[in-house]
Amino acid sequence: MPAVGSRDPARLAASAPAQVSDSTLVVYADVVLLFALLFFALCALPRVLARYAHRPAWASGWRIRKRPSALVRKHLIAPFSPYASEATLSRNGSITKEMKSPSKEFLSAPPHFPAWSSLLHPLSTCLSRRFFGRAIGRALLLASYTALMAVAMFYKSDPVTNVRRAGYVALSQYPIVFALGAKNSLVGILVAKGHEKIHWLHRFVGRAIFLATLFHIVGYLVKWTKSGSLTTNMKQIYVIWGIVALGFLSVLAALSASAMRTRAYNVFYYSHIFGAIGLLISTCYHVPQAIPWAIVSLLIYLLDLLLRCCKSHFVAASITAIPEMGCTRIVIPTLYTGWRAGQHVRLRVLCSRDVMWMDAPHPFTIASVHGKSGAEGRGLVLYCKKAGDWTNKLYALANGGTTAGALENEGYGGGREVNLLVEGPYGGPGNAVLSSFSAALIVVGGSGITFGLPVLQEAFQSILYAQSHLRIIEFIWVVQESTSIQPLVSEFSSLLQRSPTILGLDLSITVHYTRASSHPAPLKLPRRLVLRPGRPQSQGSVDAIISRTSGLKVGGKNGVVVAACGPRGLVESFRLAEQSVDWHSRRRVGGLEFITETFEW
């Protein structure tokens with residue numbers, strides 16, 4: 001019998017914690033992330049089924065389609081009306097019977113399923129509250145991911161002696177960061193979020209990879225320094241490749257800073273492409289265990305590139321400078337359908353002037369409603385606000401145009417023809433379908449009109465096709481000067497003139513201007529188009545539409561949606577107003593949801 005305190009090797013081996021394979025543990029961590037993705041996908045499934053139960057939803061939001069060439073010239077000369085093929089106004093203002101009998105698919109409104117944020121109120125409101133600029137729910141998600149990575153790095157492992165584990169953790173996140181950064185992301189499709197709405201996750205995972213890699217290499221440097229083998233190990237080929245990989249990763253981290261993305265986007269864009277490819281190659285030369293992770297990451301990237309090519313079109317467009325709005329209007333008549341209101345495209349100008357074709361593609365929200373056939377709509381329209389070097393060059397290019405295009409016949413003046421590479425559509429409202437709600441409050445500021453106008457037009461179009469539950473639409477546009485409304489008066493007038501002919505529809509448009517102008521505002525405004533000085537009262541606007549919706553007598557109440565796009569202050573004020581609505585008021589109208597469209601580089 002051994003004495004007390006003696007060390008029996010068999011007993012010590014039995015009592016020692018079981019060793020866990022580094023490669024196996026990081027695979028388990030990725031499996032946990034896949035289950036988390038599956039959970040969020042299952043949460044989104046009810047709204048996916050509700051959205052695609054409506055047949056027209058299958059053809060929109062995936063790929064923009066070209067108009068038959070025979071219809072392009074015909075459409076360039078015809079005056080614009082997104083509803084011209086459905087009905088026309090008679091002299092007394094009523095809709096004539098020129099519309100053909102719609103098919104059965106145009107006689108049913110889409111089913112409505114409320115979002116979890118509406119069903120789980122007030123918990124969802126608490127999770128969406130912001131502290132230090134970050135929502136509580138988002139912070140909890142990032143904290144959970146950080147905890148999982150910490151477990152993967154330190155579970156049954158001595159971080160001082162086993163620094164290899166950190167390298168495996170960094171490798172295991174390569175496919176994750178590539179999937180989150182792809183424009184055609186499977187993650188975004190499953191959770192019904194555009195790539196621009198999950199980029200914050202991409203950036204956070206990228207920082208986690210950088211920190212894990214730094215922990216890995218610093219740990220080895222300390223270990224080799226203590227053992228006196230630093231010089232010998234630094235001459236090893238695999239170590240040199242590891243330092244090269246760290247160099248690529250450091251460049252990616254440094255040039256991904258917010259200041260770099262906003263001030264030198266071209267540098268960020270191209271360094272990201274070449275840096276990511278260099279990282280994969282150097283990591284494979286560093287350790288052969290990295291090859292499977294690198295292959296999966298490369299396949300994700302190549303699939304994204306293939307889908308981008310499938311979504312791209314080389315087109316001719318007409319560009320026109322609009323001084324009143326400080327932007328450039330781009331009209332592409334050959335692209336007519338395939339997008340949803342609120343989606344954006346990535347644009348590259350194929351022009352030798354200022355070498356604009358070498359610049360990174362720039363995202364712009366589509367400002368027109370899609371056509372349901374090749375003979376509808378004027379095509380794809382973009383408004384590009386002057387907000388940087390690239391948009392300033394585009395405005396100068398349009399302002400210098402002297403050739404008169406066919407757009408003169410539409411009352412838009414001469415336009416300059418340029419060749420473009422258009423890629424998209426991307427983003428949008430996800431599985432939220434505005435026509436499934438009973439009321440909508442659309443709030444936009446400045447260039448956010450490129451989001452609000454097509455949303456308003458598409459909602460109105462769905463009502464004309466008898467495909468909507470909407471009965472109340474309140475549209476608010478906030479601009480600096482009252483003259484900004486002039487280029488869009490005809491658009492608003494077309495909508496407001498038709499709205500009284502639709503039984504039960506209450507449509508109103510209000511334009512707020514925040515700066516006194518020496519130029520007179522347009523004198524002749526249609527009824528229910530109101531021009532007001534000052535900023536809108538966010539709380540009053542939300543309370544007013546809830547009150548009007550609760551008074552609806554016809555049909556059930558499918559809830560109210562508040563859609564906002566514009567400056568952060570404007571969007572946040574309406575977000576806070578939506579959050580302050582009590583549970584009883586929400587229940588009285590069938591729920592209240594908030595949708596925001598923001599783009600961050």
A side-chain contact here means heavy atoms from C-beta on lying under 4.5 Å apart; do [X] and [Y] qualify?
| X | Y | value |
| --- | --- | --- |
| K311 | N184 | yes |
| T596 | V562 | no |
| P533 | H512 | no |
| I322 | M325 | yes |
| I509 | V530 | no |
| K557 | H112 | no |
| Y383 | I449 | no |
| I472 | S438 | no |

task = Starting from the C-alpha separation in whole Å, work towards a yes-or-no answer on side-chain hydrogen bond (donor to acceptor under 3.5 Å, both in side chains) for E474 and S508.
result = CA-CA 5 Å; E474 175 72 25; S508 58; 2.3 Å; yes
How close do [X] and [Y] get, counting heavy atoms only, and between which atoms?
| X | Y | result |
| --- | --- | --- |
| A440 | I545 | O-CD1, 3.4 Å |
| V581 | A577 | CG2-O, 3.4 Å |
| I64 | H313 | O-NE2, 2.8 Å |
| H370 | W339 | CD2-O, 3.3 Å |
| R340 | S60 | CG-CB, 3.8 Å |
| S368 | G379 | OG-O, 3.0 Å |

Interatomic distance, [X] atom [atom1] to [Y] atom [atom2] [nearest 0.5 angstrom]:
| X | Y | atom1 | atom2 | answer |
| --- | --- | --- | --- | --- |
| S538 | L576 | OG | CG | 7.5 Å |
| C327 | F364 | SG | CZ | 10.5 Å |
| L592 | F437 | CG | CZ | 9.0 Å |
| Q579 | S117 | CD | OG | 10.5 Å |
| L382 | I319 | CG | CD1 | 11.5 Å |
| C384 | H362 | SG | NE2 | 10.0 Å |

ask   = Stepwise, does the side-chain contact (heavy atoms from CB on, under 4.5 Å) test hold for W200 with R138?
value = CA-CA 10 Å; W200 58 276; R138 181 178 293 190; 3.1 Å; yes
Checking [X] now: which residues fulfil ring-ring contact (aromatic ring centres under 6.0 Å, His included) with it, not counting sequence neighbours?
| X | answer |
| --- | --- |
| F475 | F492 |
| Y52 | W58 |
| F451 | none |
| F594 | none |

Counting N and O atoms only, with roles assigned by atom type, does the side chain of [X] sit under 3.5 Å from a partner on the main chain of [Y], one being a donor and the other an acceptor?
| X | Y | value |
| --- | --- | --- |
| R528 | L507 | yes |
| T450 | S447 | yes |
| R130 | E572 | no |
| S494 | S490 | no |
| H195 | A182 | no |
| T125 | H121 | no |
| N558 | S436 | yes |
| R471 | L552 | no |
| W477 | V443 | no |
| E423 | R308 | no |

query = Stepwise, does the side-chain contact (heavy atoms from CB on, under 4.5 Å) test hold for L380 with I330?
reply = CA-CA 8 Å; L380 189 146; I330 302 177; over 6 Å; no
query = Should we count CD of Q537 as having more than 12 external heavy atoms under 6.0 Å?
reply = no
query = Can you tell me if NZ on K193 sees more than 12 non-hydrogen neighbours from other groups inside 6.0 Å?
reply = no
ask   = Parallel, tilted or perpendicular: which fits the ring planes of W116 and F113, with parallel below 30° and perpendicular above 60°?
value = perpendicular
salt_bridge(R548, D543) N-O dist < 4.0 Å =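 Between D543 and R548 there is no salt bridge, as every charged N stays at least 4.0 Å from the carboxylate O atoms.
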request  = Could I get the full list of side-chain contact (heavy atoms from CB on, under 4.5 Å) partners for A192, not counting sequence neighbours?
outcome  = N431
ask   = Checking side-chain contact (heavy atoms from CB on, under 4.5 Å) for the pair L190/F40: CA distance, chi angles, key distance, verdict?
value = CA-CA 8 Å; L190 290 176; F40 287 109; over 6 Å; no
query = Just one of H54, Q467, Q457 clears the side chain to side chain contact (heavy atoms under 4.5 Å, CB included) bar with S462, so which one?
reply = Q467
task = Using the test side-chain hydrogen bond (donor to acceptor under 3.5 Å, both in side chains), find all partners of R47 that sit at least two apart in sequence or belong to another chain.
result = E593
inquiry  = Pairing donors with acceptors under 3.5 angstrom, does anything connect the side chains of T365 and E597?
reply    =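 On atom types as modelled, these side chains do not qualify, holding no pair under 3.5 Å.
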task = Show your reasoning for whether side-chain hydrogen bond (donor to acceptor under 3.5 Å, both in side chains) applies to Q539 and S580.
result = CA-CA 8 Å; Q539 191 64 60; S580 65; 2.6 Å; yes
ask   = Run the side-chain contact (heavy atoms from CB on, under 4.5 Å) check on L441 and I476 step by step: do they pass?
value = CA-CA 8 Å; L441 172 61; I476 299 175; 4.0 Å; yes
task = Could you please spell out the steps behind the salt bridge (Lys or Arg N to Asp or Glu O under 4.0 Å) verdict for E578 and R575?
result = CA-CA 5 Å; E578 181 269 337; R575 185 196 302 274; over 6 Å; no
